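Since the structure comes first, as structure tokens, the remarks are kept for the end.
Computed from heavy atoms alone, side chains included, the values below leave out hydrogens, waters and symmetry copies. Predicted model, so just to flag it, every value in this text is computed and none were measured.
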Amino acid sequence: MVLYKTLYPILNKTTMTNFLEINRNKLRFALKAISLTFTLIVLIIFTILGVTKNEFPDWVLFVSILISSSIGLPIFVIGLAYIDWHSKIRIRNKAYNQQPFDELDQIGFTISYLNDKTKWYFTEEFKEIVINGYRIQCDARKESPNTIEFKAFVKHTKIEKEKFKTLDEKLRQEEIYFDFGGLIKKYNIKKKMNLTIEQLKIDLTQFVEILQHEEFEPDENRMA
């Protein structure tokens with residue numbers, strides 16, 4: 001029973017279906033790539049042993065290892081990747097289900113996709129909006145599950161050390177922080193329960209106005 005309760009969220013049919021729908025092609029590619037990699041490694045090892053030490057395993061052992069490396073290990077690796085994917089989705093959805101973040105669609109947020117243009121990472125769903133040319137992504141991370149972040153992607157700008165320190169302190173007063181590729185405005189889910197969706201829209205609009213005032217330009221390369 002304990003094992004069932006532990007595995008049920010991970011093996012939930014709806015979540016699994018969503019994973020397969022948005023990652024079907026990537027899953028096929030990953031299985032083929034991992035299978036080929038492990039198979040080649042096994043063949044190389046056996047070849048080296050055969051050439052250098054004149055040691056050859058019996059066919060039963062050889063076939064067993066080959067099947068395990070070409071089928072068993074790829075499935076195991078994909079399983080671990082799915083668990084990590086599910087963990088991130090679960091934390092993100094938990095944040096989206098908190099008020100007022102469960103009403104993001106009412107102020108213009110739409111479903112978008114992360115890693116949808118690469119084969120090397122599984123695609124994830126998240127919510128985003130564009131305000132006055134700035135793409136703002138709403139997310140929650142495993143490192144801080146009680147914090148929901150709104151990240152605005154901006155062009156890289158070289159800032160002098162002293163100016164950066166002053167600007168960083170100024171932005172922190174508005175709960176805005178520098179992050180790789182942009183700036184983020186943070187909300188603590190537990191502390192911001194009295195926040196309304198209307199106030200959130202005002203906050204995000206002011207967030208963009210601050211970025212404009214500080215001359216941060218939106219990164220067109222990250223635009224939807």
Side-chain angles (χ1 to χ4, degrees), residues 1-97 110-128 135 137-145 147-149 151 153 179-182 219 221-224:
M1 181 62 72
V2 175
L3 180 61
Y4 173 78
K5 290 182 178 179
T6 302
L7 293 178
Y8 177 76
I10 299 175
L11 300 177
N12 180 270
K13 184 176 180 180
T14 301
T15 306
M16 184 72 76
T17 300
N18 178 254
F19 173 75
L20 293 174
E21 285 178 349
I22 63 178
N23 288 290
R24 189 178 303 278
N25 292 332
K26 291 185 178 183
L27 192 58
R28 292 170 181 167
F29 171 78
L31 285 171
K32 291 178 181 178
I34 297 172
S35 177
L36 179 60
T37 299
F38 281 126
T39 300
L40 286 175
I41 291 174
V42 169
L43 291 176
I44 290 172
I45 291 174
F46 279 125
T47 300
I48 292 174
L49 290 175
V51 173
T52 60
K53 297 185 178 182
N54 198 32
E55 295 180 2
F56 298 92
D58 61 78
W59 282 105
V60 175
L61 177 61
F62 176 74
V63 172
S64 298
I65 294 175
L66 196 62
I67 291 176
S68 297
S69 62
S70 61
I71 300 177
L73 283 176
I75 292 176
F76 177 73
V77 172
I78 293 296
L80 292 179
Y82 170 74
I83 291 174
D84 180 66
W85 177 91
H86 177 272
S87 176
K88 290 185 285 186
I89 295 298
R90 182 176 61 82
I91 291 171
R92 188 175 294 143
N93 288 340
K94 182 179 179 181
Y96 288 160
N97 288 329
T110 58
I111 296 294
S112 192
Y113 298 92
L114 181 67
N115 300 326
D116 61 322
K117 295 181 180 179
T118 175
K119 291 183 178 181
W120 302 104
Y121 298 96
F122 287 130
T123 301
E124 303 170 24
E125 289 184 348
F126 64 92
K127 296 185 179 182
E128 70 174 14
R135 177 187 175 196
Q137 184 182 100
C138 178
D139 201 359
R141 308 183 191 185
K142 291 194 295 184
E143 311 87 73
S144 52
T147 300
I148 191 164
E149 302 175 350
K151 179 174 182 177
F153 293 95
D179 191 63
F180 179 76
D219 186 354
N221 294 326
R222 299 301 299 270
M223 291 298 294

Is [X] reaching over with its side chain to a backbone N or O of [Y], donor-acceptor style, under 3.5 angstrom?
X	Y	answer
Thr52	Ile48	yes
Trp85	Thr123	yes
Tyr96	Cys138	yes

Less than 4.0 Å between a side-chain N and a carboxylate O, is that true for [Y] and [X]?
X	Y	value
Arg92	Glu125	no
Asp84	Arg90	no
Lys151	Asp139	no

Checklist line | Six-ring centre of Phe122, Lys26 cation under 6.0 angstrom, axis tolerance 45° | finding: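 Relative to the ring axis of Phe122, which defines the angle, Lys26 lies outside at least one limit.
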Check: Any side-chain heavy atom of Ser69 sitting closer than 4.5 Å to one from Leu66?
Finding: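 Answer yes - side chains close enough.
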Checklist line | Contact check, side chains of Ile111 and Lys127, non-hydrogen atoms, under 4.5 Å | finding: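 Side chain of Ile111 against side chain of Lys127, heavy atoms only: contact under 4.5 Å found.
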Checklist line | For Lys94, salt bridge (Lys or Arg N to Asp or Glu O under 4.0 Å) partners two or more places apart | finding: none
Next item on the list: Give a yes or no on this: more than 12 heavy atoms of other residues, nucleotides or ligands lie within 6.0 Å of atom CZ of Phe29.
Entry: yes
Item checked: Whether over 12 other heavy atoms sit under 6.0 Å from Phe19 CZ ->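 Yes - once you tally the heavy atoms of other residues, nucleotides and ligands closer than 6.0 Å, there are more than 12.
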Check residues 31-44 and write down every donor-acceptor pair under 3.5 Å in which the side-chain atom is one partner and the other belongs to a residue at least two apart or another chain.
from, atom 1, to, atom 2, distance (Å)
Ser35, OG, Ser70, O, 2.6
Thr37, OG1, Ala33, O, 2.8
Thr39, OG1, Ser35, O, 2.7

Notebook entry, point to check: Could you give the distance from NZ (Lys88) to NZ (Lys142), rounded to the nearest 0.5 Å?
Noted result: 6.5 Å
Notebook entry, point to check: Under 30°, 30 to 60°, or over 60°: which ring-plane class applies to Tyr82 and His86, parallel, tilted or perpendicular?
Noted result: tilted
